[in-house]
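A short write-up of the structure that comes next.
All of these numbers come straight from a predicted model, not from anything done at the bench. Reminder, nothing fancy here: chain letters follow the sequence lines and each chain counts from 1.
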Protein chains: 2
Amino acid sequence: MSRTVVVPVIRELARCYQAFQRVSDANIRRFGLTPPQFDVVVTLGNTPGMSFKELGNRTLITKGTLTGVVDRLAARGLVERLACPDDGRSTLVRLTEAGERMFGQVFEPHLAYLAPAFESIPAGERKELEARLRQLREALERQCNDDASPD
Amino acid sequence: MSRTVVVPVIRELARCYQAFQRVSDANIRRFGLTPPQFDVVVTLGNTPGMSFKELGNRTLITKGTLTGVVDRLAARGLVERLACPDDGRSTLVRLTEAGERMFGQVFEPHLAYLAPAFESIPAGERKELEARLRQLREALERQCNDDASPD
DNA sequence: TATTGTTATACTCTATAACTATA
DNA sequence: TATAGTTATAGAGTATAACAATA
């Protein structure tokens, strides 16, 4: 059975990410952000802003939900909406100055917090992990596209 | 800077799992289950049942939330509660017959659905990925324990 | 007609903490 | 006192679909 071949790696992926999430999310909440809010702030960091469409694609948040997430960040003064000059249908979102400050307070410290676990893996094996993850992601994205456009 | 060393692998882990989730969750919802509900059904499958405590540990769902998730599954007749004979404080949860049927309809098909992406990776590299993920998970779990009990 | 983002609805999940009943 | 699970509360995210404005 070819199926049994993939079970261990699927299980390990799920368990590993679960462990990652447990560590990461607990730290994110200490910053006073929810995981989706953190995702948006970090995605907007070091960019001139982007449309809802692009922000949604990058964060995996669908448009209806994204409106709410951006609303809550905007209510706290961390992001702002701008009309898109090129396309009247489109709205750009970008960090405000306060949002940039939040990004600065949050991004590096979060990486520093996560780093020890990743640094405990020897460099060669870390590179190996990175390469395999990329390989798997590309395979998953192909499948995703196949589902979306089944000719 | 040691920090920059870990950024790529963290990013790749996040992006890979994001791709996995996009594919997996879409399929799970076709079964009429939410991801946490699927998690519970799959965790209970092929077991004689377990306590809320154990179920919560395995699924990463905290106790207050788990009560609600189990309530909704119980309302659909998929799981049932039993008094624990050994400990009067504890409640066991297990799949009903309908729940077992749901498990059967859901578990294998879901694996079969995911399999192609994983099978596209050569066996040796798949084993490599599995080993590296285990290594990372163990490191993350150590960190998690350190946080929980900082002496 | 198609696309971008918003709105509306209804539900699920989540964190948090107080509560009960057992141990 | 500690633990297992429930209840209560409030908020956040989610799917889904209808909608307005623009392309």
(request) Evaluate side-chain hydrogen bond (donor to acceptor under 3.5 Å, both in side chains) for A:Arg15 paired with A:Gln18, printing each intermediate quantity in order. (result) CA-CA 5 Å; A:Arg15 293 184 65 191; A:Gln18 203 180 47; 5.8 Å; no

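No donor-acceptor pair under 3.5 Å is formed between the side chain of B:Glu12 and the backbone N or O of A:Arg137. Using a distance-only test at 3.5 Å, with no hydrogens or angles considered, a donor-acceptor pair links the side chain of B:Thr43 to the main chain of B:Asp39. Judged by distance alone, with hydrogens and angles left aside, the side-chain atoms of A:Gln143 form a donor-acceptor pair with the main-chain N or O of B:Tyr113 at under 3.5 Å.
Side-chain proximity of B:Thr65 to C:dA15, C:dT12, C:dT7: nearest is C:dA15. Picking from C:dG5, C:dA15, D:dG5 the nucleotide with the shortest atom distance to the side chain of A:Thr67 gives C:dG5. Taking the side chain of A:Arg72 as heavy atoms from C-beta on, and the options D:dG13, C:dA15, C:dT4, the nearest nucleotide is D:dG13.
In this structure, the CG atom of A:Asp25 is 10 Å from the P atom of C:dT14, given to the nearest Å. Protein atom NZ of A:Lys63 is 14 Å distant from nucleotide atom C1' of C:dA8, rounded to whole Å. Distance B:Asp71 CG to D:dA8 C1': 13 Å, rounded to the nearest Å. Rounded to whole Å, atom P of C:dT6 lies 11 Å from atom CG of A:Leu55.
Within residues 35-46 of chain B, no residue has any heavy atom under 4.0 Å from DNA chain D. Residues from residues 74-95 of chain A that place a heavy atom under 4.0 Å from any atom of DNA chain C, listed by number: A:Arg81, A:Arg89, A:Ser90, A:Thr91.
Contacts of A:Lys53 with the nucleic acid, taken as non-hydrogen atoms under 4.0 Å apart, involve only primed sugar atoms and P, OP1 or OP2. No contact: A:Gly68 has no heavy atom under 4.0 Å from any strand.
The number of heavy atoms from other shown groups lying within 6.0 Å of CZ (B:Arg81) is above 12.
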